[in-house]
Amino acid sequence: MTALAAPSLFLAPGRRGRAADDPIFALNAEAVARKAKGEKVINATLGALLDDTGALAVLPTAARVVREVPSGEWAAYAPIAGTPAFLAAAIADTFPTRPALRESAIAVATPGGTGALRHAMAAFLEPGQRLLTTSFYWGPYATLADETERGIDTFPMFDAAGAFDLGGLDLALARHVAEQGRALLILNDPCHNPTGYSMSAADWAGVADVVQRHAARAPVAVVLDGAYCAYGPAGNLERPVAALAGLTDRALLLVAWTASKTFTHYGLRVGALIAVAPDKAQRADIQAALTFACRGTWSNCNRGGLFAVTRLLSDPALALQVGAERAELVRLLAGRVDAFNTHARQARLSYPSYDGGFFVTVLTPQAASAGAALRKQGVFVVPVDGGLRLGICAVPVLQVPELVSALARAL
Ligand code: PLP
């Protein structure tokens, strides 16, 4: 992690001294370099699903459909908001069993879920205001907030008994409504990054109740960051959507949709921000603001990527085939999750309930020192505030017991 010795005066003061290297990518680079020199390494840093030989797991049908995109589709601009067919397909994928939500939804195409989160922060908060999320959160939320001149605030994700802290959410939302006159709540579920926790139906019912109360006093928008939803225990976004569906006349439901994990095409950069607004005029205003934001940031997303993902979502035979292939990957991951749970329980590691998904976080107050000690031994994990994040998605099943033993020794 490079420190800048001499900040450039050409940079605007607020932009000086920024860290260019994402700490996770830097850790991964070291793990890869040490492995290349012949060292035995366990690399649990990256957020991409690798197979048990260490190769990136790619859904064959998704790869084929990307290869079949005609050159004219790659070459041409997409409409600013994205192709209508893609937007309709992303909305249908998000609300497969809820026609009323589909009819009240608009969307814009974004470069992955990252772009969707960026637009949500810029459109539903004023500069200087803070988004609200869980105390454990994906680091780029803070980067995105900083870059868009917004801030970030958190509520404790778990209470003293280890349950999702609805009381903490209640207090924090009340504070945001009182101080900002509006709130933007971002919840990453299921398979939360970094903890691995998937919220229960009761957790979601509690969130809906809290949001409903505060939304009576000020505009409250809830972003459902569903980056890992294809790998969750309850099947896509049904659980959160079921809880939030009844709120859409009071609060704004937003979904950060992404093809990155669902279709194992992280680099394709296909995503969408979906907004559910039953009132037609409001819906048009939100659609216009988000389309304006697309024009004012990346202009439009790559049309070839939108074309490929549209086919994968809406051609029934392709959707079936890619679904069967994805089920294989979910099984691969489930084997590692089971191995982790078996060994981590025996070793008495402390971690939130983990029943699927790319990551789990082992809770420890000594994350930085334990992470550094593990790194010396060639075990690469990501220290976060309050724990060590393990990218189970990148660790072959046979290395999981070794990873757990190394952690148990370090903690
Ligand atoms: N949200 C979370 C919690 C993530 O972990 C990620 C990716 O790692 C994303 C959103 C967005 O990823 P992408 O921009 O590739 O869709």
Side-chain angles (χ1 to χ4, degrees), residues 12-19 22-23 110 112-159 164-189 192-195 197 199 203 206-227 240 244 247 250-256 273-275 277 286 289-290 292-293 296-297 361 384-387:
R15 293 292 196 266
R16 288 177 200 155
R18 290 193 146 156
D22 181 290
T110 59
T114 306
L117 292 161
R118 184 261 163 227
H119 271 7
M121 293 176 199
F124 301 103
L125 290 173
E126 285 279 74
Q129 293 186 333
R130 293 188 299 170
L131 67 92
L132 180 63
T133 192
T134 44
S135 50
F136 289 97
Y137 63 86
W138 184 49
Y141 285 179
T143 314
L144 288 162
D146 191 346
E147 185 60 22
T148 52
E149 290 171 5
R150 272 71 178 166
I152 186 162
D153 186 24
T154 62
F155 66 94
M157 186 164 177
F158 303 111
D159 64 18
F164 191 81
D165 193 349
L166 290 168
L169 170 63
D170 195 12
L171 285 175
L173 255 189
R175 199 171 63 240
H176 279 233
V177 164
E179 289 173 4
Q180 301 186 161
R182 62 176 49 251
L184 179 73
L185 172 65
I186 303 184
L187 294 175
N188 171 216
D189 188 72
H192 178 257
N193 177 7
T195 64
Y197 184 70
M199 292 166 64
D203 291 335
V207 168
D209 178 55
V210 170
V211 167
Q212 167 165 298
R213 278 189 283 108
H214 295 291
R217 295 193 293 130
V220 175
V222 181
V223 184
L224 179 53
D225 174 358
L244 298 174
L247 294 190
R250 271 153 287 177
L252 183 69
L253 170 59
L254 300 163
V255 178
L273 180 62
I274 298 170
I286 293 170
L290 295 179
F292 188 98
T297 47
T361 289
V384 297
D385 199 8

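Basis for what follows: all heavy atoms, side chains included, without hydrogens, waters or symmetry-related copies.
- Taking 4.5 Å as the limit, some side-chain heavy atom of Glu147 sits within range of a side-chain heavy atom of Arg18.
- The two residues Arg250 and Ala215 come nearest to each other via the heavy atoms O-CB, 3.8 Å.
- Leu169 contributes atom CG, which lies 11.5 Å from atom OG1 of Thr154 (distance to the nearest 0.5 angstrom).
- Between Asn188 and the choices Leu224, Thr195, Asn193, the side-chain contact (heavy atoms from CB on, under 4.5 Å) rule is met once, by Asn193.
- For the ring-ring contact (aromatic ring centres under 6.0 Å, His included) test, no residue two or more places apart in sequence or in another chain qualifies with His214.
- Closest approach of Pro156 and Gly168 over heavy atoms only: CD-CA, 4.1 Å.
- To the nearest 0.5 angstrom, Asp209 atom CG is 9.0 Å from Leu247 atom CG.
- Looking at every heavy atom in both residues, Ile286 comes nearest to Ala277 through CD1-CB, 4.1 Å.
- Across every non-hydrogen atom of Ala120 and Leu184, the tightest pair is O-CD2, 3.7 Å.
- With sequence neighbours excluded, no residue forms a side-chain hydrogen bond (donor to acceptor under 3.5 Å, both in side chains) with Thr133.
- Atom CG of Leu187 sits about 8.0 Å away from atom CG of Leu132, to the nearest 0.5 Å.
- In this structure the side chain of Phe155 never reaches within 4.5 angstrom of the side chain of Leu171, judged on heavy atoms.
- Asp189 places a side-chain N or O within 3.5 Å of a backbone atom of Met199 that can act as its donor or acceptor partner.
- Here the straight-line distance linking atom CG of Leu254 with atom NE2 of His119 works out to 12.0 Å at 0.5 Å rounding.
- Proximity of Asp170 to Arg213: side-chain heavy atoms (C-beta onward) are separated by under 4.5 Å at one or more points.
- Ring pair Tyr141/Tyr137 is parallel by interplanar angle, where below 30° counts as parallel and above 60° as perpendicular.
- Considering CG of Asp225 and OG1 of Thr114, their distance stands at 8.5 Å, rounded to 0.5 Å.
- Taking CG of Leu125 as the start and CG of Leu131 as the end, the distance is 6.5 Å to the nearest 0.5 Å.
- Residues Val222 and Val207 have side chains not in contact (no heavy-atom distance under 4.5 Å, counting atoms from C-beta outward).
- Applying the 6.0 Å contact sphere to CG of Asp385 captures no more than 12 heavy atoms from other residues, nucleotides or ligands.
- At least one donor-acceptor pair under 3.5 Å links the side chain of Arg150 to the backbone N or O of Ala122.
- Not counting sequence neighbours, the partners of Asp203 by the side-chain hydrogen bond (donor to acceptor under 3.5 Å, both in side chains) test are Tyr197, Ser200.
- Looking at Arg118, its side chain never comes within 3.5 Å of a backbone N or O of Thr148 through a donor-acceptor pair.
- The side-chain heavy atoms of Ile186 and Trp138, taken from C-beta on, include no pair separated by under 4.5 Å.
- Side-chain atoms of Gln180 do not come within 3.5 Å of backbone N or O of Gln129 as any donor-acceptor pair.
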